[in-house]
Chemist: 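The structure is given below, and queries will be raised subsequently.
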Number of protein chains: 2
Amino acid sequence: MPPDLVPGTPKYYLLKTEVLGLIAGLKPGTLIPTERALAEKYTTSRTTVRQAISELVAEGKLGRIQGHGTFVAPPKMTHVRQLTSFSDDARSQGLRPDSRMLALGVFTSDAGVAARLGLEPGDPVTRLERIRLIDEEPLAHEVAWLPGKLPRLKSHLATSGSLYAVMAEVYGLRVADVEDTVETALAGPEDVRLLGMEMGAPLLVVHRLARDAMGTPVEWTRSTFRGDRFRFVSRVKSGG
Amino acid sequence: MPPDLVPGTPKYYLLKTEVLGLIAGLKPGTLIPTERALAEKYTTSRTTVRQAISELVAEGKLGRIQGHGTFVAPPKMTHVRQLTSFSDDARSQGLRPDSRMLALGVFTSDAGVAARLGLEPGDPVTRLERIRLIDEEPLAHEVAWLPGKLPRLKSHLATSGSLYAVMAEVYGLRVADVEDTVETALAGPEDVRLLGMEMGAPLLVVHRLARDAMGTPVEWTRSTFRGDRFRFVSRVKSGG
DNA sequence: AGTTCAGATTGGCATAGACCAATAATGTTG
DNA sequence: CAACATTATTGGTCTATGCCAATCTGAACT
């Protein structure tokens with residue numbers, strides 16, 4: 001192990017840099033030594049090795065499977081979020097996008113949803129919950145709230161696949177501008193189940209409020225992205 | 001402790017929910033019981049307590065100071081990132097923005113910076129490194145690369161404070177559109193030193209490429225935000 | 001009252017070891 | 001040969017414990 005140049009740097013952090021050097025240049029999927037082997041090699045405890053590995057996993061540099069081993073992770077994918085739809089964006093990058101609908105229904109809005117969509121609490125709203133996939137891999141968990149009832153949305157979605165296209169062409173809801181709020185969170189059991197990620201790994205939580213040309217809200221969405229596998233891009237063009 | 005409704009949920013995660021309930025409604029700054037006290041109260045080990053607390057700290061719900069204790073963290077602040085400047089944005093929200101310049105100089109561009117700014121490697125570029133503060137608190141660490149030499153930038157910045165204003169008014173570099181890439185990372189010793197955060201806490205790393213009306217790059221910036229304390233908002237208006 | 005220094009308190013890091021759960025490898029059996 | 005049962009391997013969780021570092025407390029001393 002290289003010398004501790006900055007006094008006070010924890011051992012697990014030094015080990016982390018060590019492992020980083022170890023995997024530099026290795027192909028994604030390559031197995032690295034087991035935790036027990038690393039602990040012995042660097043004369044430390046498995047606890048310390050696990051702290052180092054855990055951070056590298058959280059950063060998306062390593063992956064691990066219980067009973068199998070720890071391996072070099074594939075590089076992050078980029079998700080471009082524009083005014084256009086998820087599926088069109090992905091396809092334009094040469095990726096294979098897909099969606100799995102988990103739930104679709106009409107509810108009476110609570111205070112939070114009503115405030116965001118500019119409705120009165122109790123007004124009907126449509127709730128659409130989906131898993132977004134790219135190349136068969138879960139990318140995000142989305143819950144979208146749309147104002148009103150939107151009859152036969154399910155069949156329209158099955159045909160088109162693109163929510164924004166259906167909103168515009170069938171219901172006349174045209175998105176003119178959006179506001180994205182990005183923050184971090186850590187994966188809990190729900191995220192682990194839906195997105196197949198690690199407990200405690202960082203998430204990008206994106207809230208989107210979309211409005212039409214009149215400034216009337218037409219969509220309120222909460223998306224949960226795997227922070228270890230994806231980046232998020234948003235383009236802002238000035239009105240001129 | 002409430003029953004383990006989902007079989008297999010780790011004890012540290014149950015404890016996390018427990019502590020969340022404990023701090024619900026408490027004012028920011030309120031101290032919670034010590035790690036040793038919590039371990040005894042919930043008949044578990046300090047290691048498990050620390051795993052639960054550490055995740056709550058990473059999520060920005062708790063803070064802790066060695067030798068002092070663990071306390072309820074203040075709510076996240078919102079940073080709106082528009083085409084306008086950091087300082088104007090912050091002031092419009094009633095916050096007190098500030099900057100500390102760490103370094104300013106002219107360099108010959110390496111391959112990465114040259115590619116992003118549309119230059120040839122070796123062309124001169126200006127590098128500006130700053131810490132962004134809101135209400136005296138470090139918010140972000142920024143390194144900006146601007147094409148060319150920009151003479152007397154330092155004194156101009158000292159007068160105006162706003163980089164975008166100086167770029168436009170003095171050097172004729174007008175930002176017409178930007179592309180932000182957001183991803184997660186974990187805090188290392190450098191981030192801890194500059195932003196005063198926890199080792200291993202999640203960061204929002206934002207890369208911004210700004211172009212003028214002709215599509216010529218005028219700024220390439222890497223910003224590191226504290227994910228536990230801030231959210232990031234970007235507004236996209238359609239050209240129509 | 002103010003200062004200084006010693007101890008107690010609290011979080012930060014690390015160790016050693018145990019057992020569980022998922023996977024892979026192996027051997028056995030029909 | 002295929003299907004199944006057994007065993008070994010590997011990561012996941014948890015315990016118990018020790019020492020270090022930063023902070024706070026309070027007594028002793030100006």
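Below, read A as the first sequence line, B as the second, and so on, with proteins coming before strands; counting in each chain starts at 1.
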Chemist: If the cut-off is 4.0 Å, is Thr70(B) near the phosphate of dT10(C), judged by side-chain N/O to OP1 or OP2?
Modeler: no
Chemist: Return the value, rounded to whole Å, for the distance between atom CD of Glu35(B) and atom C1' of dG12(C).
Modeler: 8 Å
Chemist: Out of curiosity, Tyr42(A) OH to Leu14(A) CG, how far, rounded to the nearest 0.5 Å?
Modeler: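 If we round to the nearest 0.5 Å, Tyr42(A):OH and Leu14(A):CG are 11.5 Å apart.
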Chemist: Quick one: CD on Gln51(B) to OG on Ser54(A), what's the gap to the nearest 0.5 Å?
Modeler: 8.5 Å
Chemist: Please figure out whether Thr44(A) or Ile32(B) has its closest DNA chain C nucleotide nearer the 5' end.
Modeler: Ile32(B)
Chemist: For dT9(C), does either OP1 or OP2 sit under 4.0 Å from a side-chain N or O belonging to Arg36(B)?
Modeler: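 For dT9(C), OP1/OP2 do not have a side-chain N/O of Arg36(B) under 4.0 Å.
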Chemist: With respect to the phosphate group of dT10(C), does any side-chain polar atom (N or O) of His68(B) fall under 4.0 Å of OP1 or OP2?
Modeler: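 His68(B) to dT10(C) OP1/OP2: no side-chain N or O under 4.0 Å.
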Chemist: Does dG17(C) have OP1 or OP2 under 4.0 Å away from a side-chain N or O of Ser45(A)?
Modeler: no
Chemist: Is any side-chain nitrogen or oxygen of Arg46(A) closer than 4.0 Å to OP1 or OP2 of dG17(C)?
Modeler: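 Result: no.
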Chemist: Once rounded to the nearest 0.5 Å, what's the spacing between atom CD of Glu179(A) and atom OG of Ser234(B)?
Modeler: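 One finds 8.5 Å between CD of Glu179(A) and OG of Ser234(B).
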Chemist: Of the listed nucleotides (dA14(C), dT23(C), dC14(D)), which one gets closest to any side-chain atom of Tyr12(A)?
Modeler: dA14(C)
Chemist: Whether Lys11(B) contacts dT15(D) is assessed here as follows: a side-chain N or O lying under 4.0 Å from the phosphate OP1 or OP2. Is that the case?
Modeler: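 Checking Lys11(B) against dT15(D): at least one side-chain N or O falls below 4.0 Å of OP1 or OP2.
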Chemist: Quick check on dT15(C): is either OP1 or OP2 less than 4.0 Å from any side-chain nitrogen or oxygen of Thr48(A)?
Modeler: yes
Chemist: Starting at CG of Leu15(B) and ending at C1' of dC14(D), how long is that distance when rounded to a whole Å?
Modeler: 12 Å
Chemist: Could you please name the option among dT17(D), dG11(C), dA16(C) that lies closest to any side-chain atom of Thr47(B)?
Modeler: dT17(D)
